[in-house]
Every structure is written in C-alpha cells, then in structure tokens.
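Read the structure below first, then the notes.
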Protein chains: 2
Amino acid sequence: MTTPEQDFIDSPFRSPEDRLREKDQKREAVLLAAVRAFNARGFQAASLDEVAASLRISKPTIYRYLGNKEQVLLECISRGLDLLREAAAEAEREPGNGLTRLTHFLRRYAEINMDDFGRCVVRTDDNVLSEEGRAHFRALKRRIDQAMRDLVAAGVEDGSIAPLDVRMTAFTLAGALNWPGQWYAAQGGQSAEELAATMVDVLVRGLAPRG
Amino acid sequence: MTTPEQDFIDSPFRSPEDRLREKDQKREAVLLAAVRAFNARGFQAASLDEVAASLRISKPTIYRYLGNKEQVLLECISRGLDLLREAAAEAEREPGNGLTRLTHFLRRYAEINMDDFGRCVVRTDDNVLSEEGRAHFRALKRRIDQAMRDLVAAGVEDGSIAPLDVRMTAFTLAGALNWPGQWYAAQGGQSAEELAATMVDVLVRGLAPRG
DNA sequence: TTTCTTATGTACTCGTGAGTACGTTGCATA
DNA sequence: TATGCAACGTACTCACGAGTACATAAGAAA
C-alpha cells in the first residue's frame, strides 16, 4: 500500500486542502446528527440546540454550515431523494423484463427508506415546510413516483405484470414500502436488505395461493 | 313519523336533558375540530388556539371539555382505534374462509385510515406522547396488529392464503393500507371505499400474472 | 331576591426554541 | 508587525404557544 509519494504523519498543522476537506466532513457530521434527531423526535420537536449538543458544538455553528432549520431539513431530504433517483435510474438501465426491473427497484426503494436520509423523506410531512420548500419537495417526489409508475407500466405492457391500474398499483407499492421508514430502528433481527426482500416478495406474489 | 308524545318546537329554553346533550355535542365538536387541525398541520404544529378559533371559542373552553393537549390527542386516537377494533371483531364473526374475512377487514381498515380519527392514529408518531400515553397507545395498536395477524394465520391454515410469513405479511399489508392516511384528502375522484377496494385487490392478487 | 353553579372570555405567566449580535482566538497574508 | 478572515462560543432577543387566574354573565335553586 505504499505509494511513490511522500507519506505524511498525522500532523496538527493543516494544509489548505485539509481545511477544505475538514469543512466538508464537519458539514456532513452536522447533517447526519440533524437527520437522526429529526427521525428520532420529529422535525418540529427536535431542536437545533439538541443537534448541536450531540456534536458538542453550539447552535451558531450549525447556522455557519447549513443555514436555518428548514434548510437543514431540505438538505437531508435532498440526500434521501438523490438516493431514490439513483435507484430509479439504475433500475431503468437494468436488463430483464418489467417485473424484474421493478422488483430490483422496489427492493432498493425499501432499503433506502430504512436509511437515515431515506427515512427523513418518508417521515417528513410537507406541511412543516415553507411554500417554496414544499413545492420543491413535491416536485422531486413526483419524479420518483413517476419512475415507479413507468416501471409498472413497462411490466404490464410486456406481460410480466398482471394488467392492473398503474397509478393505484404504484401507490399501493410505495405505501407498503414507505412504512418501514416509520418503524425501522436497525434493531437486532432482520437487516434492512432481508426485510426489503421479504416485503417485496409478498407484494409480487400477493396473498391468494397460485392456481 | 308522529309519535303519541308531545311535539315540542325548537325552544331557546333548555331542559336539563337538553343541557347534557348539548354538552356532549360541544365535546364532540371540539374533538372533531381538534383532530382535523392535528391531521392538517401535525400535532405539534397545530395549536389549541387555532382549534379554538376554528370553533369561535377560546382556549380555556377546550380545557373545560377535554383537558390538556395530550388528552385531546389521546381521545382522538382512542376514537380511531375503537373503529379499528370494531372492524376486527366484525371480521372475526364473519363467515367464509380466512382470505374472505381478511379481505373484508382490510377494506374496512383502509377506509378507517381515511376517516378523521383513523388518520389521526396513523399520522401520530408516538414520540410526541408522554411515557404513559405512549404505552397505552402502543398496547391498543398491538391488539389491532394481532387481530390482523390472526386473520392471516387463519387463511394460511385453511389454505385460502399462500403459505407466507405471517408477521411480515401483516406488516406489509398494514403499511400499504396505512399510507392513504398520510395523503387522502377526500378530494374529488375516488371515494375512500373505492380506493380501499382497489388497493386491497392489488395486495390480494399481487403483481405477477396468474399462471 | 339572593346565592350557587355552569359556561365562557380576557389577560396573564412561563418555558422553549429559532435566529442573531458580538466577542474571541488563531492562522494567514500584506 | 498589523490587518483580515475563518471558526467558533456566549449571551442575548423575540415570538409563540401551553396552561392558568380571575372576572363575568346567565340561568338554577333556595
């Protein structure tokens, strides 16, 4: 693992690049602490003082890195929605019929909803946001929803999915797979991946026994 | 529609029974206004001043009829959970195999989640409650969950439901059917009953086409 | 008519939490 | 060495909302 470059020891004197990297890391740390507080106690109930205390910093420092409380939330939500967008793009690139691709997407979707930032997307009721924040949030969510509908529609067309109402089906699937975000706490027992796979399996096969 | 009893005109002078009935009606009105405010803006964000204003009364009047804010919420939640319990009891009494009975229950379950009080149950995150309130709330919810699992298990046993993991299946179903509570706004378009029926249909049949 | 009770509003207290003004320290640059 | 800027913390302000003390008005009872 040695490189031809000079190996530096961990020095207390930071180079300009180090400073920038540290700044980024601090920003990330604040964001993570915030999203966890929001998920644990709800956006309204969680105070920035709490978030700051959990990092042993002061409230103004949060403002330095992320701006006001709504901006912090919007950034958290954006992270979660980015993950979902990636998952959707990946599913579209994937080979296989509509059902196969949808299944992959659904699993990722459920997993993301158990991640810190994904949970934040699911748990945030958009009425806590300002008018602009809400509009932005909804637009991004609509894109995810549309991607899911497109996958369902593709499956229905190629016959890999039963001829169901696309809108209602997507709504039902999203609802089922959003729910773990309200509850999942990474306790012992099943991992997020296992849980996601099992739930998707139930949804794909349905309750009625196969003829 | 005439009775042998005396027909009274609508008099401004109230009998003692009238007073009691009026008190009850006022209590109901406060409860309904409160649950709507909670659903619309979230428990924490909704203020009792708002609720009072929507009825053109003052805040102390709410305290007179329902006690403090948490008690108001608990009463709303109890209403919703009562509806769910009734639905569960009804489903258990019903004839037919496990899947039939479960289907009936699921439809009612979804409908209730689009009702004012049902929505409140779904939308309330129990971390806004005090320790005792939370324990009470969880115990009641557990009973509903158990009822759903029992119905699934009965269906699996009598063969009307495919052999799935009971716990995960109930969790998935509940998740899917809780979701409308987050969104449904009684707008134009589908009624709650139609929506519930369609969603349950998707869940029962699954996505994969029938062989 | 006087007194008690019920129903209600006015006007507070008090805590909490978002957001800010300003001071301080330390490194960087002129 | 002087000046500027980056990275904080202390100590506020200010608004809002839960909960309450007290006044009041109207009917019921005595």
Side-chain angles (χ1 to χ4, degrees), chain A residues 11-31 33-35 37-38 40-76 124 127-130 132-133, chain B residues 11-31 33-35 37-38 40-76 124 127-130 132-133:
Chain A
S11 154
F13 302 93
R14 304 289 142 80
S15 70
E17 309 90 63
D18 284 342
R19 307 289 285 183
L20 276 178
R21 233 173 18 96
E22 268 194 8
K23 192 166 173 176
D24 246 45
Q25 284 175 353
K26 287 177 182 175
R27 207 183 122 95
E28 288 304 310
V30 172
L31 214 52
V35 78
F38 294 163
R41 314 214 321 142
F43 174 71
Q44 316 241 14
S47 75
L48 292 186
D49 280 311
E50 272 173 52
V51 175
S54 77
L55 292 166
R56 277 164 305 183
I57 60 176
S58 69
K59 188 166 52 176
T61 301
I62 295 181
Y63 280 81
R64 170 163 200 78
Y65 286 99
L66 285 168
N68 71 23
K69 202 182 177 189
E70 172 163 351
Q71 285 165 358
V72 176
L73 178 61
L74 283 172
E75 181 68 27
C76 293
T124 298
N127 60 29
V128 304
L129 296 171
S130 67
E132 314 86 59
Chain B
S11 154
F13 302 92
R14 305 289 143 80
S15 70
E17 310 88 66
D18 285 342
R19 306 289 284 182
L20 276 177
R21 233 173 18 96
E22 269 194 6
K23 193 165 173 176
D24 246 44
Q25 286 175 352
K26 286 178 182 174
R27 209 184 120 95
E28 288 305 309
V30 173
L31 213 53
V35 78
F38 294 163
R41 313 216 318 143
F43 174 70
Q44 315 241 16
S47 75
L48 291 185
D49 281 311
E50 271 172 54
V51 174
S54 77
L55 293 165
R56 276 163 305 181
I57 60 177
S58 70
K59 187 167 51 175
T61 302
I62 295 181
Y63 280 81
R64 170 166 199 78
Y65 288 99
L66 286 168
N68 70 25
K69 201 181 178 190
E70 173 163 351
Q71 285 165 358
V72 176
L73 178 62
L74 284 173
E75 181 68 26
C76 293
T124 298
N127 59 30
V128 305
L129 296 172
S130 66
E132 315 87 59

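Here is the naming used below: chain letters follow the sequence lines, and residue numbers restart at 1 for every chain. When reading the values below, keep in mind they use all heavy atoms of this one structure, side chains included, and skip hydrogens, waters and symmetry mates.
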* **Rounded distance in Å - CG (A:Asp49) to P (C:dG19)** => 11 Å

* To do: Give the rounded distance in Å between these two atoms: CD of B:Glu22 and P of C:dA7.
  => 10 Å

* **Qualifying ring-ring contact (aromatic ring centres under 6.0 Å, His included) pairs, either residue in residues 49-76 of chain A, two or more places apart** => none

* Would you call B:Arg27 and B:Glu75 a salt bridge, taking side-chain N to carboxylate O under 4.0 Å as the test? -> yes

* With sugar-phosphate meaning primed atoms plus P, OP1 and OP2, does A:Ala46 contact a base, only sugar-phosphate, or nothing at under 4.0 Å between heavy atoms? -> sugar-phosphate

Close N/O contacts between protein and nucleotides 13-16 of chain D (under 3.5 Å):
none

* Applying side chain to side chain contact (heavy atoms under 4.5 Å, CB included), name anything that partners A:Ala40, two or more places apart in sequence or on another chain. => none

* B:Asn68: side-chain hydrogen bond (donor to acceptor under 3.5 Å, both in side chains) partners, not counting sequence neighbours -> none

* side-chain hydrogen bond (donor to acceptor under 3.5 Å, both in side chains) partners for A:Gln71, two or more places apart -> none

* Nucleotide D:dA6, atom P - distance to CZ of A:Arg21 in whole Å -> 20 Å

* Structure fact -> Contacts of A:Ser54 meeting side chain to side chain contact (heavy atoms under 4.5 Å, CB included) (sequence neighbours excluded), chain-then-number -> A:Ala33

* Grab the CZ-P distance between B:Arg27 and C:dT6 for me, whole Å please. => 17 Å

* Taking atom P of C:dA18 as reference, at what distance in whole Å does atom CD of A:Gln71 sit? -> 14 Å

* Interatomic distance, B:Leu48 atom CG to B:Thr61 atom OG1 [nearest 0.5 angstrom] -> 11.5 Å

* To do: Quick one: list whatever passes side-chain hydrogen bond (donor to acceptor under 3.5 Å, both in side chains) with A:Glu28, sequence neighbours left out.
  => A:Arg79

* Nearest-Å distance for atom pair CG/C1', residues B:Leu48 and D:dT20 -> 13 Å

* Asked: Can you check the A:Lys23 NZ to D:dC5 P distance for me, whole Å?
  -> 14 Å

* Can you list, by residue number, the residues of residues 54-69 of chain A that have a non-hydrogen atom closer than 4.0 angstrom to DNA chain C? -> A:Lys59, A:Pro60, A:Tyr63, A:Asn68, A:Lys69

* Taking side-chain hydrogen bond (donor to acceptor under 3.5 Å, both in side chains) as the test, write out the residues that go with B:Glu70, two or more places apart. => B:Ser130

